[in-house]
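Okay, so here's the structure we're looking at.
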2 protein chains.
Amino acid sequence: MLDAPNRDRNAERREATRREIVEAAWAIARESGLAELTLRDVAARVGMRAPSLYSHFASKNAIYDAMFGQAWSEYESSVLALEDALPEHPRAAAKQYGRHFFDFAVDDLPRHQLMNQRVIPGFEPSPESYAPAVRVLERAAANVRELGVTSEDDFAILIALIGGLINQHHANDPGGDRYAGLLDRAIDMWADAVGLPAEDPAPPSRKSAP
Amino acid sequence: MLDAPNRDRNAERREATRREIVEAAWAIARESGLAELTLRDVAARVGMRAPSLYSHFASKNAIYDAMFGQAWSEYESSVLALEDALPEHPRAAAKQYGRHFFDFAVDDLPRHQLMNQRVIPGFEPSPESYAPAVRVLERAAANVRELGVTSEDDFAILIALIGGLINQHHANDPGGDRYAGLLDRAIDMWADAVGLPAEDPAPPSRKSAP
DNA sequence: AGGCGCATCTAACATAGTTAGGAGAGTGCG
DNA sequence: CGCACTCTCCTAACTATGTTAGATGCGCCT
């Protein structure tokens with residue numbers, strides 16, 4: 001039996017190894033794409049053989065789940081940070097939100113792919129790993145409602161619009177910035193339709209942190 | 001050497017076999033999903049062994065290409081048929097277009113996946129198989145322009161909007177119809193923004209075939 | 001009849017994810 | 001100290017899948 005301090009130390013080491021594995025997997029995914037991600041390569045990068053990974057993860061899908069869970073978690077943090085820096089004007093805030101979603105998805109292709117779960121045949125994220133993403137959407141919905149948009153449907157349309165531009169960017173213009181340029185125009189269309197007021201020339205910054 | 005009639009007959013047989021293989025592949029994809037599509041299963045369904053498929057296709061990706069090429073081709077035909085039945089009112093026509101895109105993508109999940117090419121790691125469609133899809137987009141652009149939309153960007157935004165709703169449908173609401181219901185509202189938003197006139201109460205039908 | 005082309009076959013290979021079972025290090029108790 | 005337990009990692013191997021090599025046999029042309 002292990003006593004308490006040693007149990008803790010072992011748990012830490014385990015966690016560290018798990019993190020190392022997930023980091024290695026992301027490194028490979030970023031360098032060569034998710035399609036090139038093999039357990040043997042991941043294992044090699046952390047100085048192991050493939051079967052040893054099964055001491056830390058139940059399957060390859062469990063590794064995907066950890067990868068995506070980590071990304072969603074970081075995403076949630078970045079959204080929380082964004083909210084503190086959000087301008088006061090509703091339309092400006094909507095645009096900043098939109099640009100944030102877009103940049104996040106575009107800057108880091110493999111991380112975007114997690115939003116389109118069909119990229120990995122047979123993989124379904126676990127509710128736990130997906131939770132931060134759900135919270136982000138709920139927060140975004142709440143924030144958008146606070147801007148004066150009362151309809152869930154209008155919010156869903158905004159999300160669809162941004163998601164669609166992201167997809168088109170990846171399909172037609174990866175590397176370019178045509179669809180990033182369309183984002184402001186698209187959000188303006190949407191803002192007019194839902195009745196957000198026109199933007200001030202010089203928007204002041206808002207919300208000192210509590 | 002073969003004389004001309006026999007060469008033709010052989011070519012026909014070859015084409016028939018290719019079609020049979022592609023049909024079998026679609027059947028499996030529809031029943032079990034693209035992830036479950038294996039060459040051994042495809043071959044079994046047409047009464048062959050897997051390596052024999054290589055007499056007709058250079059690789060599994062070549063089979064995907066044929067599958068998607070066929071789907072794009074049928075899609076082009078359905079768009080041509082749609083255009084004859086398009087109502088005269090610009091906003092009504094835009095909605096009918098939008099609903100058509102949406103229904104096509106939603107009714108037949110595996111066929112939709114071809115639009116999101118990232119589903120099959122390592123697969124890129126050939127320009128030839130993809131040509132009908134390009135023509136459909138060009139026709140759609142021309143038709144939308146004819147409705148009075150002069151900006152490529154506004155057209156791109158419409159496409160993004162519809163594509164985004166389709167993606168959300170597949171991700172969040174497969175089987176339901178929430179996003180189908182949002183489509184009209186979304187297209188109305190877009191139509192107002194680009195200045196299409198309000199819809200007539202009773203739109204007459206248009207364009208007898210030439 | 002003889003020969004050529006071609007679709008199909010069997011056998012096998014390479015690469016994946018995964019499982020079985022054992023070796024060795026660390027830890028705690030007698 | 002020595003023994004036993006646990007845990008991580010290992011080697012070996014299995015299975016599934018795309019793919020290649022080479023043989024076989026059928027049909028058509030001369």
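Computed from a predicted model, the values in this text were never measured in an experiment. So that the names make sense, note that chain A is the first sequence line, chain B the second, and so on, each numbered from 1.
We find that B:E31 and B:R45 are joined by a salt bridge, their nearest charged nitrogen and carboxylate oxygen being less than 4.0 Å apart. A salt bridge is defined here as a Lys NZ or Arg NE, NH1 or NH2 lying under 4.0 Å from an Asp or Glu carboxylate O, and B:D154 with B:R145 fails to meet this definition. A salt bridge does not link B:R13 with B:E20: every distance from a Lys NZ or Arg NE/NH1/NH2 to an Asp or Glu carboxylate oxygen is 4.0 Å or more. The pair B:R18-B:E15 counts as a salt bridge, with a side-chain nitrogen and a carboxylate oxygen less than 4.0 angstrom apart. Salt bridge annotation for B:D192-B:R91: present, with a cationic side-chain nitrogen under 4.0 angstrom from a carboxylate oxygen.
In this entry the distance linking CD1 of B:I21 with P of C:dT8 reads 7 Å, nearest Å. In this entry the distance linking CZ of B:R40 with P of D:dA16 reads 10 Å, nearest Å. Whole-Å rounding puts the B:F57 CZ to D:dG18 P distance at 15 Å.
Using a 4.0 Å cut-off, some side-chain N or O of A:H56 falls inside it from OP1 or OP2 of D:dC9. In this structure, A:S55 does not reach the D:dC7 phosphate: none of its side-chain N or O atoms is under 4.0 Å from OP1 or OP2. Taking side-chain N and O atoms only, B:R14 has a distance below 4.0 Å to OP1 or OP2 of C:dA7.
Axis angle across the helix from C:dA1-D:dT30 to C:dT15-D:dA16, with five pairs used at each end and values rounded to 10°: 10°.
Toward the 5′ end of DNA chain D lies the nearest nucleotide of A:M48, the other residue of the pair A:M48 and B:K60 mapping further downstream.
Residues A:D65 and A:S129 approach most closely at OD1-OG, 2.8 Å, considering heavy atoms.
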CA sep, side-chain torsions, deciding dist, call: A:Y97, A:E83, side chain to side chain donor-acceptor pair (under 3.5 Å): CA-CA 9 Å; A:Y97 252 120; A:E83 281 172 9; 2.9 Å; yes

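Comparing D:dT19, C:dT18, C:dA16 by their nearest atom to the side chain of A:T38 picks out C:dA16. If you check D:dT19, C:dT18, D:dC10 against the side chain of A:R49, the one that comes closest is D:dC10. Side-chain proximity of A:Y54 to the nucleotides C:dC9, D:dT11, C:dT18 is greatest for C:dT18.
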Identify the pairs formed between an N or O of the protein and an N or O of nucleotides 20-24 of chain C at a distance under 3.5 Å, and give each distance.
none

